[in-house]
Amino acid sequence: MIKINNIIVLITASLIALFLSYLSFDSGKSAAYLLPRTYSVILVGIVATLIILHVRKKNEFYKELNLKKIFPTIIFIVLFILFGEELGFYFSTTLIFFFITTFYSPGEKNIKSLIKAGIICSLFMCFIYVLFSLLLKVQVPEFILFSLAN
């Protein structure tokens, strides 16, 4: 376990929010970038609110972070980025969603709970597909590493 300060989290969140905002506004004038721009502005607003609340409270306390619990998810996210384009957005997102729900769910992991998690993840991805591709007609996200290389 490592101890992490709130200010480290705020600085990291600020850098991520600013980077995502830069990427969304630097992409062009296409209407396809409206949703990422909206999300990035909301994210910057949330981070700014958290910074203001942190400065007003002026409390410096540490929280313990258990890396053993986070490390498998970090590895799976890296695999998601590396193989996401080959597997496709919806399938790779279903896999990561299934992994996270089964890995972090409390209770015993038996075949019945794995089937239930698989059905729920598949139905959720079907809902996301219908919502974004059919109803909103929004282009599925490109993976960030491949869009930066072009």
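Remark: Y129 OH is loosely packed, at most 12 non-hydrogen atoms of other residues, nucleotides or ligands lying under 6.0 Å away.
For F98, the ring pair (Phe, Tyr, Trp, His ring centres under 6.0 Å) criterion is met by no residue, not counting sequence neighbours. Partners of T12 by side chain to side chain donor-acceptor pair (under 3.5 Å), not counting sequence neighbours: none found.
Between the side chains of Y104 and T73, at least one donor-acceptor pair of N or O atoms lies under 3.5 Å.
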Worksheet item: What do the steps show when you test V41 against S21 for side chain to side chain contact (heavy atoms under 4.5 Å, CB included), and what is the final call?
Response: CA-CA 7 Å; V41 168; S21 293; 5.8 Å; no
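Transitive grouping of hydrophobic side chains (ILVMFWY, heavy atoms separated by less than 4.5 Å) brings F99 and F91 into a common cluster. Hydrophobic cluster membership is shared by L82 and F71, with clusters built from Ile, Leu, Val, Met, Phe, Trp and Tyr side chains linked at under 4.5 angstrom. Residues L18 and Y22 do not share a hydrophobic cluster, defined by chaining ILVMFWY side chains whose heavy atoms lie under 4.5 Å apart. Cluster annotation: L114 and F76 are assigned to distinct hydrophobic clusters (Ile/Leu/Val/Met/Phe/Trp/Tyr, side-chain heavy-atom contacts under 4.5 Å, transitive).
Atoms CZ and OG1, from F124 and T93 in turn, are 9.5 Å apart once rounded to the nearest 0.5 Å. Going from atom OG1 of T94 over to atom CG of L123 covers 10.5 Å, rounded to the nearest 0.5 Å. To the nearest 0.5 Å, atom CG of residue L43 and atom OG1 of residue T38 are 12.5 Å apart. Taking CG of L20 as the reference point, atom CG of L15 lies at 11.0 Å (rounded to 0.5 Å). Here the straight-line distance linking atom CE of M125 with atom CD1 of I120 works out to 13.0 Å at 0.5 Å rounding. With rounding to the nearest 0.5 Å, the separation of OG in S40 from CZ in F19 is 12.0 Å.
A side-chain contact (heavy atoms from CB on, under 4.5 Å) with I46 is found for one member of V44, T49, L50 and no other, namely L50.
The backbone N or O of N110 sits less than 3.5 Å from a side-chain atom of S113, completing a donor-acceptor pair. Although no hydrogens or angles enter the test, the distance criterion places a donor-acceptor pair under 3.5 Å between the side chain of S14 and the main chain of L10.
The minimum heavy-atom distance linking A17 with V47 is given by the pair CB-CG2, 4.1 Å. The nearest pair of heavy atoms linking K69 to F103 is O-CE2, 3.8 Å.
C126 is not listed as a side-chain neighbour of Y90, based on a closest heavy-atom distance of 4.5 Å or more.
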